[in-house]
Structure formats: C-alpha cells, structure tokens
Amino acid sequence: MPRYQEILTDPSYAGQFVLMTNPHIGNTGVNFDDEESMQCFLGGLVIRSLSISTSNWRCAETLGDYLAERNIMGIYDVDTRAITRRLRQDGSLIGVLSTEESKTDEELLELSCSWDIIGKDLMLGVSCKTPYEWTDNTKSQWDFNANGRDGNTFHVVAYDFGIKHNILRRLASYGCKITVVPSTWPASETLKIKPDGVLFSNGPGDPSAVPYAVETVKEILGKLPVFGICMGHQLLGQALGGKTFKMKFGHHGGNHPVRNLRSGHVEISAQNHNYAVDPASLPEGVEVTHVNLNDGSCAGLAYPAQNIMSLQYHPEASPGPHDSDNAFQEFIELMKRAKENT
C-alpha cells in the first residue's frame with residue numbers, strides 16, 4: 001500500500017503516533033514528490049509488517065532508511081489489530097516508544113502519564129517562521145482543474161497552522177496567487193495586503209490552546225472571504241462564538257462518508273482530526289453544510305452574511321479520494337462574488 005509518505009509529512013500528526021491498520025507497509029518505498037511538508041512531524045510510526053523490498057518506479061529509498069535519516073522512531077511486528085480494537089473501545093491513548101532498554105516498565109508508564117495533548121499549542125512548532133510566496137505549481141498529472149480556469153487570478157493569504165502542500169497546490173491549480181504567513185501573523189498585516197481571500201489551514205492539536213489564532217480569525221471575519229480547513233474550521237467555529245470538544249478517537253483515514261446538506265450528495269472524504277465543532281453552540285445565521293455520516297458530527301460550516309465557508313475534512317485529499325475538490329471552486333466563487341460586490 002502506498003501513500004504513507006503523505007501521512008508521515010502531514011504536520012497535523014505532530015505530537016502523535018500513527019498506527020497503520022493496513023498490515024503491510026513499505027512496499028512502494030518513498031520518493032521526493034509526495035511530501036506534504038518539508039519534514040516529518042509525527043512522534044512515531046507503528047505497523048504490523050515492514051516490507052523487506054520495494055517495487056515502484058518512483059521509489060528513491062526504503063521507508064526504514066527514510067525514517068532513520070529524519071530521526072523518526074518506528075516499530076513493527078506489532079499486533080496492530082489488537083491495538084486498534086483497544087483504541088476503538090477506550091479512545092485515543094497516550095503511548096511511549098523507547099530504545100533505552102535500561103528503563104523499567106514503571107518508568108515508561110510514568111513517562112506516558114506525564115504528557116497530554118489537551119491544552120498544548122502544537123501549531124507553533126509546525127508553522128513557518130516568516131511569510132513566503134508559494135511558487136511550486138501543480139504538476140500536470142495531478143492538476144484536476146487544468147481546463148477549468150476562467151482567467152481570473154485571486155490573491156489568497158494562507159495561514160500556516162501546519163498547512164499541507166497539496167492545499168497550496170490545489171489553490172494554485174485554480175489560478176490563485178498565494179502568500180503563506182505564520183500562525184502568529186497579525187490580522188492587521190493581512191488586511192494591509194488587501195488579498196481577495198484568506199485560507200485558515202489544517203494543523204495539529206487543541207484549538208482551545210491557541211487563543212491568539214482565534215483572535216486573528218475574529219479580526220478578519222466579515223472583512224474578507226475566508227475558507228477554513230480542519231483546524232481552520234475549528235478556529236472559525238470558536239471565532240463565531242461556538243465551542244469545540246475532543247472526540248473519543250477522532251476521524252482518521254481516507255474513507256469517511258460525508259453528506260453535503262445543500263446538494264444532498266455524499267462525498268467520500270479523507271479526514272485527520274481529534275476535535276470537532278459543537279453545532280448546538282453556534283449562533284443564529286451559521287449554517288451546518290456537511291455532516292459526517294458515521295457519527296453525525298459537524299463536517300462543514302457556512303455563514304453567507306460574512307462570506308465564510310469551512311470543512312472539517314481535507315478537500316485536497318492526498319492521500320485520499322477527490323470527491324470534495326470542488327470546495328476550492330466554491331472558494332473561488334466566494335471571492336469572485338465579494339470582489340464584484342465591492
């Protein structure tokens with residue numbers, strides 16, 4: 001099975017171990033084209049069987065060598081089915097991986113009890129440090145919108161809360177000029193640039209642990225069209241007056257069914273989040289546009305009066321299905337309407 005490389009380089013996994021449910025990992029190796037960021041942020045990789053050979057025309061090195069070069073811990077020959085059953089029963093758990101054989105089981109348990117993801121700001125560690133212009137165009141074989149551009153160019157400021165490269169590639173494929181800014185970038189500086197729209201990206205951790213980001217979102221709402229993805233969706237929920245909560249074990253993987261309540265269509269989506277927006281806490285005028293069909297949780301919001309849209313899942317879907325790619329076109333239309341009205 002391929003596509004573990006995109007997961008390894010997704011900044012939203014910062015501070016977490018990734019447990020693969022597919023038993024055989026590593027058979028396609030890794031390459032230099034599928035990175036979703038400049039490094040690996042996850043705490044460690046847990047798999048059942050590590051492939052002893054690779055077979056893919058794009059393979060540049062083995063998974064084991066790739067992780068070792070980046071100082072990322074991994075463990076295999078583990079009963080991942082048993083761990084999965086435990087996680088599904090008890091929810092997300094704290095774990096420890098160690099190469100120090102001198103440590104006792106009790107000491108390792110103490111380590112696990114001394115850490116908690118709740119209340120921790122993990123965005124600062126994955127965000128860029130200074131603004132930059134995104135110039136890496138989407139390669140033709142991955143450009144699903146090559147014939148769909150209307151000639152308009154929109155300038156988008158993308159807040160990097162742990163942004164995936166494929167979000168930037170998708171925006172670029174729709175003709176957008178993109179300025180990426182750090183998570184702490186002041187809203188006043190964004191407004192000075194006078195972009196056509198703002199994207200609040202995905203990212204790791206607890207949205208309640210980053211009040212500075214919520215304040216930034218608040219200051220921008222109503223002044224520019226905005227699109228929130230994953231963490232960006234949660235921050236928008238809080239900025240609008242709603243609440244977020246930690247889910248039992250979150251949504252992870254590329255096969256989650258979501259109903260678009262506006263169209264009635266069901267999209268198969270890629271998801272990776274541990275928190276969700278409580279729709280009952282949202283003020284009047286905010287519309288729930290998408291619902292996760294596995295558990296009924298809020299998967300998308302809109303506030304037409306302020307040109308706001310958001311999705312809890314990943315429309316750029318890498319790895320994953322492309323059912324939700326039209327969300328980028330909706331964002332383009334949102335910016336177009338706002339520009340025409342001004």
Side-chain angles (χ1 to χ4, degrees), residues 7 10-22 41-48 75 78-97 109 111-123 161-162 202-210 214 228-238 242-259 261 266-282 288-301 310-314 317 319-321 324:
I7 292 172
D10 180 351
S12 293
Y13 283 111
Q16 299 178 73
F17 293 146
V18 173
L19 173 78
M20 293 291 193
T21 53
N22 189 75
F41 291 100
L42 78 170
L45 181 66
V46 183
I47 62 176
R48 173 67 184 90
I75 185 170
V78 173
D79 188 347
T80 52
R81 292 177 299 176
I83 300 175
T84 299
R85 286 195 296 270
R86 174 74 182 276
L87 294 173
R88 296 295 291 183
Q89 176 182 321
D90 298 336
S92 299
L93 299 170
I94 304 298
V96 172
L97 275 178
L109 283 171
L111 280 174
S112 69
C113 292
S114 66
W115 195 88
D116 196 342
I117 197 171
I118 298 175
K120 279 191 167 54
D121 180 357
L122 298 176
M123 291 193 328
F161 299 137
N202 63 293
D206 184 352
S208 298
V210 287
V214 177
I229 295 176
C230 209
M231 171 63 81
H233 160 85
Q234 296 161 15
L235 295 175
L236 276 168
Q238 288 197 7
K243 297 178 180 179
T244 56
F245 63 94
K246 190 175 187 301
M247 308 174 81
K248 184 176 180 180
F249 37 70
H251 295 155
H252 309 280
N255 59 351
H256 291 259
V258 170
R259 184 180 297 281
L261 298 179
V266 174
E267 303 168 9
I268 301 302
S269 65
Q271 304 207 10
N272 176 27
H273 61 101
N274 291 307
Y275 292 81
V277 175
D278 178 6
S281 67
L282 295 168
V288 175
T289 57
H290 298 74
V291 173
N292 188 298
L293 293 180
N294 284 334
D295 59 10
S297 61
C298 174
L301 296 173
S310 69
L311 293 176
Q312 178 60 86
Y313 52 97
H314 288 272
S324 307

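Only this structure's heavy atoms are used, side chains among them; waters, hydrogens and symmetry mates stay out. We're numbering straight along the sequence, starting at 1.
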To check you understand the geometry: which heavy-atom pair defines the closest contact between [X] and [Y], and what is its length?
X	Y	result
S269	V258	OG-CG2, 3.5 Å
S310	T289	O-OG1, 4.5 Å
V288	C298	CG1-SG, 4.2 Å
T244	P207	OG1-CG, 3.5 Å
Y313	E267	OH-OE1, 2.8 Å

Using a 4.5 Å cut-off on heavy atoms from C-beta on, say whether the side chain of [Y] contacts that of [X].
X	Y	result
Q238	S208	yes
L19	L87	yes
K248	R88	no
L261	R259	yes
I268	P257	yes
V210	F161	no
P204	F41	no
N274	M247	no

Approximate separation, where rounding is to 0.5 Å, of [X] [atom1] and [Y] [atom2]:
X	Y	atom1	atom2	answer
D90	F249	CG	CZ	10.5 Å
M231	M123	CE	CE	5.5 Å
M20	R48	CE	CZ	15.5 Å
S114	L109	OG	CG	11.0 Å
F17	I94	CZ	CD1	9.0 Å
T21	H252	OG1	NE2	11.5 Å

Identified side chain to side chain contact (heavy atoms under 4.5 Å, CB included) counterpart of H233 within the set L311, V277, N202: V277
Run the side chain to side chain contact (heavy atoms under 4.5 Å, CB included) check on V78 and I47 step by step: do they pass? CA-CA 6 Å; V78 173; I47 62 176; over 6 Å; no
Without swapping roles, check the side chain of Q234 against the backbone of Y275 for a donor-acceptor pair under 3.5 Å. yes
Kindly say whether G119 contributes a backbone atom to a donor-acceptor pair with the side chain of D206 at under 3.5 angstrom? yes
Tested for ring-ring contact (aromatic ring centres under 6.0 Å, His included) against H256, the lone hit among H251, H314, H290 is H251
Do other residues, nucleotides or ligands put more than 12 heavy atoms under 6.0 Å from the NZ atom of K246? yes
